[in-house]
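Shown next, in structure tokens, is the structure this report addresses.
Letters A, B, ... mirror the listed sequences (proteins, then strands); counts begin at 1.
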There are 2 protein chains.
Amino acid sequence: MKQTTKKEKFFEESLKLIHEKGFKAVTMRDIAQRLDFEPANIYNYIDSKQALLELYLFDISYEFHDSLNNILKSSYSPEEKLKLIISTHIQLTAKKPYKMALLVNEWRNLKEPKLTEFTEGKKVYENKIRDVIAKGIEEGQFRSMDIEIATYSFLSSLRWIYDKYTGSESKINPFELEKQISDFIFTGMGK
Amino acid sequence: MKQTTKKEKFFEESLKLIHEKGFKAVTMRDIAQRLDFEPANIYNYIDSKQALLELYLFDISYEFHDSLNNILKSSYSPEEKLKLIISTHIQLTAKKPYKMALLVNEWRNLKEPKLTEFTEGKKVYENKIRDVIAKGIEEGQFRSMDIEIATYSFLSSLRWIYDKYTGSESKINPFELEKQISDFIFTGMGK
DNA sequence: TTTATATATTAACATTTGTTAATGTAAATA
DNA sequence: TATTTACATTAACAAATGTTAATATATAAA
């Protein structure tokens with residue numbers, strides 16, 4: 001039995017609204033209307049519109065960093081690490097697709113100093129991925145290629161996945177998705 | 001010797017501003033300030049802020065559709081077609097990286113009926129790509145895989161490329177980029 | 001020289017938007 | 001029962017924003 005259902009509903013519906021219309025396009029009045037109460041009511045739950053975005057973004061961002069760090073701490077090979085990264089990325093995205101969508105599309109709307117904090121974290125994350133790939137090439141598990149482009153390609157192969165878990169269509173099985181994405185990243189489309 | 005340099009400068013700088021800050025975040029006063037004149041001046045060049053976005057978006061969108069259609073009309077094999085799509089996509093992106101960035105990030109800010117017109121076109125484009133991939137699998141040029149996921153993966157491998165041609169860093173050679181991306185898409189990262 | 005075009009300004013407008021103050025009520029807790 | 005907590009309202013604000021009207025000037029074309 002959940003408590004404070006109204007507060008939870010607020011955060012849930014606001015998140016979806018921001019995903020649907022974009023952060024800048026959503027007004028406090030939009031949110032209020034969706035929840036069927038007056039705009040002033042929102043400030044019982046959150047200090048400002050910006051704070052709302054920050055909350056969503058840093059919450060999911062932390063989870064990704066944390067999960068990545070745990071994988072990196074392990075003694076798995078670079079290839080196994082990448083597979084784990086793919087796996088946990090898809091699991092997390094399947095569980096929190098709307099926050100993931102904000103992470104991809106709305107971080108630009110952060111204001112300083114939060115914007116810098118976020119983009120620095122983003123760089124750190126990407127560099128960690130790049131290091132795994134670099135090591136994998138070095139050790140001969142991956143073929144020789146441009147490391148930066150490989151990093152971008154790898155990350156972009158994961159970035160669109162939230163799209164499969166937002167909306168009302170039947171959701172794809174995360175494990176099947178993981179297999180398909182893994183195959184694409186490691187063996188490509190060719191035979 | 002170019003004519004109407006001021007008008008050209010307006011469209012150029014507005015485009016870059018929208019790319020940097022996002023369409024919603026850019027105000028007419030921002031644009032005016034960048035061009036060192038008064039806001040009212042903008043309306044000598046364009047009817048409205050929305051019209052500006054529409055202009056950029058449908059211009060580049062048309063080029064992509066046109067280029068794709070020309071490739072599809074050819075008698076090349078699915079694999080060769082995909083390679084051509086990659087190639088022309090990168091060439092176009094290298095030539096118009098800022099418009100490409102808007103195409104990826106700002107189309108949501110279109111208003112009806114332009115929004116529907118755009119998203120319909122997007123669907124058409126993606127379906128054409130899917131059909132090429134489906135045919136390639138059917139003919140045994142590509143390995144057996146989920147067609148929809150392959151389509152998303154293929155497209156997402158191309159979607160980030162504008163990032164390499166905006167900004168002031170040294171631009172990567174498009175032909176080298178094409179090789180790297182092609183290799184990633186067709187053979188993956190593994191050996 | 002006259003005319004048309006491109007480019008510019010000032011001033012103001014109607015809306016929209018995030019936010020606050022003051023206050024009330026129903027439900028949960030002590 | 002008394003009191004705190006959660007949830008709600010009305011009314012208004014200051015600032016920001018897209019846009020327009022009226023008008024001026026420099027330049028290029030006729």
Between C:dA6 (C1') and B:K9 (NZ): distance, integer Å: 17 Å

Any residue meeting salt bridge (charged side-chain N to carboxylate O under 4.0 Å, His left out) with A:E126, in chain and number order, not counting sequence neighbours: A:K122

Shortest non-hydrogen contact between A:E13 and A:R34, atoms and distance: OE1-NE, 3.1 Å

Nearest-angstrom distance from the residue atom CZ of B:R29 to P of D:dA15: 14 Å

Flag side-chain contact, heavy atom, 4.5 Å: B:I18 against B:L102: yes

N or O in side chain of A:K49 less than 4.0 angstrom from C:dG18 OP1/OP2: yes

Under-4.0 Å side-chain N/O to phosphate OP1/OP2 contact, A:K24 with C:dT17: no

Gap between atoms CG and C1', on A:N109 and C:dG18 respectively (whole Å): 15 Å

Interatomic distance where CD belongs to A:Q50 and C1' belongs to C:dT19 [whole Å]: 13 Å

Distance, rounded to the nearest Å, where B:M28 contributes CE and C:dA12 contributes C1': 17 Å

Under 4.0 angstrom between B:N44 side-chain N/O and C:dA8 OP1 or OP2: no

Phosphate-side-chain proximity, A:Y45 and D:dC7, N/O vs OP1/OP2 below 4.0 Å: yes

Integer-rounded Å distance: C:dT23 P and A:E38 CD: 19 Å

Distance in angstrom units between B:N41 CG and C:dA6 P, rounded: 13 Å

Closest nucleotide among D:dG18, C:dT19, C:dG18 to the A:T27 side chain: C:dG18

Pair A:E148 + B:K164: basic N to acidic O under 4.0 Å: yes

Rounded interatomic separation in angstrom, taking CD1 from A:I42 and C1' from D:dA6: 16 Å

